[in-house]
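Since the structure comes first, as C-alpha cells, the remarks are kept for the end.
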Amino acid sequence: MLNGSGIKIFSGTSHPELAEIIARRIGLPLSKAEVTRSGIGETNVTITESVREDDVYIINTGCGQVNTALMELCIMIHACKIASAKRITAVIPLFPYARQDKKDKSRAPITAKLVANMIQKSGCDHIITMDLHASQIQGFFDVPLYAEPSAILYIRTHFNVDDVVIVSPDAGGAKRATSIADRLGVDFALFHKERKKANEVSRMVLVGNVRDKIAILVDDMADTCGTLCLAASHLSEAGAVKVFAFVTHGILSGNALAAVEASNLEKLIVTNTLPQNANQAACKKIEVIDIGKVLGEVIRRSHYGESVSKLFHEVPY
C-alpha cells in the first residue's frame with residue numbers, strides 16, 4: 001500500500017470502474033480531474049489538484065469511443081506535463097489500434113506506431129499496457145504485461161489439468177498458447193485458418209488431438225467472436241468433451257454475444273481490461289477475471305523502482 005506521497009492516479013472516462021479497482025488495490029483515492037465535451041465534441045480537461053513534482057499515472061483504455069478516449073488521454077498527459085509533473089505514466093490496458101501494427105499491403109499505415117508517437121509527444125514518459133496484439137510492437141512500450149499468469153491460475157483452480165488441452169485459434173497465437181501449455185504441462189493444438197476478409201474466416205483446419213479432452217481456446221482478443229465460435233464447433237466435432245475460451249480483451253462487438261450464446265462454448269472467460277457488466281448481463285456464458293490487482297501492483301512497483309518481471313510469471317495477492 002502506498003502512502004500517497006508524490007503519487008497521483010487519474011482516471012479517464014473510458015473505464016472508471018477499473019481505475020477504482022486499481023486505486024483500492026494500492027490504497028489511494030483517485031485524484032480529481034474534470035473531463036467534459038463541448039457541443040462539437042471537443043474534449044476539455046481540468047486537473048483540479050496540484051501535480052507539481054509528482055509521479056502521475058493516468059488510466060484510460062481503448063474501448064467505446066476509441067478516438068475520443070485516445071484524445072482524452074493525450075490531453076490529460078499534456079495537462080499534467082505543463083503542470084510540472086515529475087513523471088507521467090499512461091496505463092492503457094487495451095492499447096487502441098493495436099491490430100494495425102504492420103504494413104500488410106501497399107500504402108497501409110502502421111497506426112499502432114502513430115498512436116504510440118502521439119502519446120509520447122503529449123509528454124508521456126512510460127506506458128503500461130496488457131497483451132499486445134502482436135509481439136513486434138512491444139518495442140513501442142515500457143511495460144507490456146501479460147494475462148498469462150491469470151489464465152494459468154484460473155485453469156489450475158477450475159480444471160483437472162490432466163484433462164486439459166490448450167488450443168490456439170490461429171497460427172499467430174501459437175506462441176502464447178504453447179507458453180501456457182508448457183507451464184501447465186499439457187498438450188497443445190492449433191487451427192490453421194484462411195480469411196476471405198478481415199473478421200471473416202472461410203476455413204479452419206485443426207492440427208493436434210483433442211479427443212476426450214477439455215479444450216481451452218486461448219487468444220488475446222475477441223471482437224466478433226466468429227473465429228472462437230467456429231473453432232469451438234470444430235473442437236466439438238473432433239471429440240472434445242467441453243470447450244472453453246480464455247481471452248484477455250473481450251471487445252465483443254456486433255453480434256458477438258448472440259454468437260457466443262448459440263455456440264458450443266461452455267464459457268468465454270475475459271478480463272476486465274474493458275467494461276464487461278453489460279456483456280455479462282446479456283450473455284450468461286461470459287465470466288470476468290479481475291486484472292486490476294495486477295495493474296495496481298505494477299503501479300506500486302513502478303513508483304518505488306522495484307522489478308515488475310515477477311508479474312510476468314505469477315498473480316499478486
Side-chain angles (χ1 to χ4, degrees), residues 1-12 14-31 33 49-62 73 76-77 80-81 84-95 98 116 119-120 122-133 135 137-154 156-157 176 179-180 183 220 248-249 271-274 288-317:
M1 183 177 291
L2 301 180
N3 59 18
S5 175
I7 181 171
K8 296 288 172 66
I9 301 173
F10 292 95
S11 171
S14 65
H15 199 351
E17 299 93 342
L18 179 60
E20 288 283 357
I21 292 169
I22 293 171
R24 284 200 302 271
R25 164 71 186 182
I26 62 180
L28 290 177
L30 289 172
S31 299
E49 56 187 85
S50 174
V51 295
R52 183 175 295 276
E53 292 301 308
D54 282 334
D55 191 8
V56 173
Y57 294 83
I58 302 172
I59 303 164
N60 225 20
T61 196
L73 175 65
M76 292 183 78
I77 292 169
C80 291
K81 188 70 173 179
S84 302
K86 184 177 181 180
R87 184 177 69 164
I88 301 170
T89 302
V91 182
I92 316 171
L94 172 57
F95 193 81
I119 294 170
Q120 181 186 32
S122 299
C124 185
D125 297 296
H126 301 286
I127 294 175
I128 297 171
T129 189
M130 194 153 220
D131 267 11
L132 292 163
H133 185 61
S135 58
I137 58 173
Q138 289 181 5
F140 303 165
F141 310 101
D142 301 281
V143 188
L145 296 172
Y146 304 95
E148 181 179 306
S150 298
I152 290 170
L153 179 63
Y154 182 92
R156 286 193 187 280
T157 53
R176 179 186 301 105
S179 177
I180 293 174
R183 289 178 61 180
D220 64 319
T248 305
H249 307 298
T271 72
N272 59 341
T273 55
L274 289 83
V288 179
I289 292 177
D290 176 30
I291 48 86
K293 57 188 177 184
V294 176
L295 294 170
E297 180 64 11
V298 169
I299 290 174
R300 188 195 69 77
R301 287 171 178 263
S302 174
H303 179 63
Y304 285 120
E306 299 175 11
S307 171
V308 299
S309 60
K310 183 179 180 182
L311 301 179
F312 294 165
H313 308 291
E314 61 184 64
V315 177
Y317 290 96

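FYI, side chains are in, hydrogens and waters are out, and symmetry mates aren't considered; it's all heavy atoms of this structure.
Note on Arg87 versus Asp125: no salt bridge recorded, every NZ/NE/NH1/NH2 to OD/OE distance being 4.0 Å or above. With salt bridges taken as basic N to acidic carboxylate O contacts below 4.0 Å, one links Lys8 and Glu49. Between Glu297 and Lys293 there is no salt bridge, since no side-chain N of the basic residue sits under 4.0 Å from a carboxylate O of the acidic one.
Looking only at distances, no side-chain donor or acceptor of His249 sits under 3.5 Å from a matching main-chain atom of Thr271. A donor-acceptor pair under 3.5 Å is formed between the side chain of Thr129 and the backbone N or O of Ile92. With hydrogens and angles ignored, the 3.5 Å screen pairs no side-chain donor or acceptor of Ser179 with any backbone N or O of Arg176. Side-chain atoms of Ser302 never come within 3.5 Å of backbone atoms of Val298 as a donor-acceptor pair (strictly under, hydrogens ignored). Remark: side-chain polar atoms of Ser122 are not paired, donor with acceptor, to backbone N or O of Cys124 under 3.5 angstrom.
Between Glu148 and Arg183 there is a side-chain heavy-atom pair separated by less than 4.5 Å. Annotation: side chain of Val91 is not in contact with side chain of Ile58 (no heavy-atom distance under 4.5 Å). When side chains are defined from C-beta on, Asp54 does not count as touching Lys86, because their heavy atoms never get closer than 4.5 Å. The shortest distance between side-chain heavy atoms of Ile59 and Ile22 falls below 4.5 Å. In this structure, Met76 and Phe10 have side chains that are in contact, with non-hydrogen atoms separated by less than 4.5 Å. The side-chain heavy atoms of Met130 and Thr273, taken from C-beta on, include a pair separated by under 4.5 Å.
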Full working for side chain to side chain contact (heavy atoms under 4.5 Å, CB included) between Val56 and Lys81
CA-CA 9 Å; Val56 173; Lys81 188 70 173 179; over 6 Å; no

Might you work through the side-chain hydrogen bond (donor to acceptor under 3.5 Å, both in side chains) test for Thr248 and Asp220, ending with a clear yes or no?
CA-CA 5 Å; Thr248 305; Asp220 64 319; over 6 Å; no

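Put simply, CD1 on Ile152 and OH on Tyr154 are 15.0 Å apart, with the number rounded to the nearest 0.5 Å. Atom CD1 of Ile299 sits about 6.5 Å away from atom OH of Tyr57, to the nearest 0.5 Å. Note that the CG atom of Asp290 and the CD atom of Glu17 stand 11.5 Å from one another [nearest 0.5 Å]. Between the CZ atom of Arg25 and the CD1 atom of Ile9 there is a distance of 12.5 Å, given to the nearest 0.5 Å. In this structure, CG in Leu295 is found 10.0 Å from CD1 in Ile21, a value given to the nearest 0.5 Å. In this structure, CZ on Phe95 lies 10.5 Å from OG1 on Thr61, to the nearest 0.5 angstrom.
Taking every heavy atom of both residues into account, Leu18 and Pro93 meet most closely at CD2-CG, 3.5 Å. Between Cys80 and Val51, the closest heavy-atom pair is O-CG2, 4.0 Å. Smallest separation of non-hydrogen atoms from Gly12 and Asn60: CA-OD1, 3.2 Å. Pairing each heavy atom of Gly296 with each of Ile26, the nearest pair is O-CG2, 3.1 Å. When all heavy atoms of Ala85 and Ile88 are compared, the pair lying nearest together is CB-CG1, 3.9 Å. In terms of heavy atoms, Leu153 sits closest to Thr157 at O-OG1, 2.8 Å.
Glu53 and Ser84 share no side-chain donor-acceptor pair at under 3.5 Å.
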